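Below is one structure, written out as structure tokens; the observations come after it.
Since this is a predicted model, take the numbers as computed values, not measurements. Heads up: numbering here begins at 1 and tracks the sequence.
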Amino acid sequence: MTFSGPQQYPTELLDTTMDQLRTLIVVHEAGTALRAARLLGREQSSVQKQLDTMNRTFAALCGEELVLKQGRGQDALFTATGEALVGLARRTLDAWSDGVHDARRRLGRTLSVGSTRYTLGFLLDAVERVSEDYARDHVDLKVTHVRTGDLFGKLRAKELDLVCGSVVVTEGHEEELLASYDVMEWRRSGLSLLTNLPPDRLPGTSFRAGDLTRLPLVISTRGLISRFLTSWYGPDYRQKLNVAAEIEAAHYGFELLRSGVVSGAMLVTRGIGEAAADGRLPEAGGLRTVRIVGDVGPRTEVLVGVFTRRGERASAPPGHPLNLLWDALSRESGPWWLSS
């Protein structure tokens, strides 16, 4: 069977609905028409009727039914044709969903933005500035927490349209890293230590990165800190450093040090170190801040700012929700100590 254009599509195929495709996918995932019906909030007979219709349609078109009935209580048996068309159904619905989302985003009907924890306040202040415009234009705004390591990935996948957060930039690789993005730079900085070690063990207000091997360290297992350590000491930095504890969240590290369970120094961004020293981070109260001087490896910095896909702001009119929020963020001011 060959098709030379849209007008040649068989009638049976054109009568297949997206709802039927969804039902086929849910039955495949749930195993039976009964469980699929519960997930869809329908009667089992309705689901079974759609399956029977698709079986007749594709038996005529392909020569094989999609789903074979099994004994009572047993999962449905999908034929080779059924398995192939379940995959096609997923891709079809995903493509349509993505297309609709792209159209809504282009027309300013929806905007998805993300923020790391320590930049959320600035994002919310900017959103407040544009809230009346968004309400007037019925903009569907979605705000999502994003981890630093996922920032660019979510922009590339078009899961988010704008992100407030931090990335690590290394001398010689910055242009390549940021080539695909518009960047509003708020601040660049290095790292600090938060420590419960006494001054005779860790004296002064600064410490060389090259001497970190002499300290018991609390380090994050992912994100900005690991990128710094990889840049300074290589991918096997754990073997070169004295790692007293590995953590996933900064607050866990604060608790370890404040409790005295671990005696050492925790690597943090300079913004967090400054916030702790100024009393703006109560959960780190009682810990001393020591600035790290980067004297090993290539120059490495934390870049805090706003990121969008390159070219999208320029292609949209000034009143587009993306441009309105970008402009609002550009007017934000304050202590740019925030980092993630």
For atom [atom1] of [X], decide whether the heavy atoms of other residues, nucleotides or ligands shown that lie under 6.0 angstrom number more than 12.
X    : atom1 : value
E248 : CD    : no
E128 : CD    : no
Q239 : CD    : yes

Backbone N or O of [Y] within a donor-acceptor pair of the [X] side chain at under 3.5 Å?
X    : Y    : value
E255 : Y252 : no
R288 : L202 : yes
S97  : L93  : no
S115 : H145 : no
T110 : D140 : yes
S315 : G311 : yes
S46  : E43  : no

Are [X] and [Y] ion-paired here, with the side-chain N under 4.0 Å from a carboxylate O?
X    : Y    : answer
D75  : R35  : yes
R299 : E301 : yes
R136 : D133 : yes
R280 : E274 : no
D211 : R208 : yes

Measure the shortest side-chain to side-chain distance between [X] and [Y] over non-hydrogen atoms and say whether it is less than 4.5 angstrom.
X    : Y    : answer
L329 : L162 : yes
T300 : E171 : no
R90  : R22  : no
L322 : T308 : yes
L111 : Y134 : yes
V306 : V163 : no
V169 : R188 : yes
R291 : F207 : no

Can L141 and V143 be said to form a side-chain contact (heavy atoms from CB on, under 4.5 Å), step by step? CA-CA 7 Å; L141 175 67; V143 180; 4.1 Å; yes
Per the side chain to side chain donor-acceptor pair (under 3.5 Å) rule, which among R313, K154, R309, K142 passes with D161? R309
Could you state the interatomic distance from [atom1] ([X]) to [atom2] ([Y]), rounded to the nearest 0.5 Å?
X    : Y    : atom1 : atom2 : result
T79  : E65  : OG1   : CD    : 8.0 Å
L34  : Q44  : CG    : CD    : 4.5 Å
Q48  : N55  : CD    : CG    : 8.5 Å
W232 : D295 : CH2   : CG    : 8.5 Å
S189 : L303 : OG    : CG    : 9.0 Å
Y233 : L212 : OH    : CG    : 4.5 Å

Distance-minimising heavy-atom pair for [X] and [Y]:
X    : Y    : answer
D137 : R109 : O-NH1, 3.2 Å
S263 : N196 : CA-OD1, 3.5 Å
Y118 : A250 : OH-CB, 4.3 Å
L191 : T269 : CD2-CA, 3.9 Å
L194 : A284 : CD1-CB, 4.1 Å
V304 : S166 : CG2-OG, 3.6 Å

Going only through I, L, V, M, F, W and Y residues with side-chain contacts under 4.5 Å, is there a path from [X] to [Y]?
X    : Y    : answer
V167 : V302 : no
L51  : L21  : no
L151 : W186 : no
L224 : L241 : yes
F78  : V47  : yes

Determine, stepwise, if the pair L229 / L267 fulfils side-chain contact (heavy atoms from CB on, under 4.5 Å). CA-CA 10 Å; L229 294 176; L267 286 160; 3.9 Å; yes
V262 and V218: side-chain contact (heavy atoms from CB on, under 4.5 Å), yes or no, with the steps? CA-CA 8 Å; V262 172; V218 176; 4.0 Å; yes
Do K240 and D236 pass the salt bridge (charged side-chain N to carboxylate O under 4.0 Å, His left out) test, and can you show the C-alpha distance, the side-chain angles, and the key distance before you say yes or no? CA-CA 7 Å; K240 301 175 182 178; D236 59 341; 3.4 Å; yes
Verify whether one side chain among R42 and Q50 offers a donor that lies under 3.5 Å from an acceptor in the other.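 There is such a pair between these side chains.
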Just say parallel, tilted or perpendicular for the rings of F152 and F307, cut-offs at 30° and 60°. perpendicular
Go through V113 and L123 one step at a time and tell me if the side-chain contact (heavy atoms from CB on, under 4.5 Å) criterion holds. CA-CA 9 Å; V113 302; L123 173 61; 4.1 Å; yes
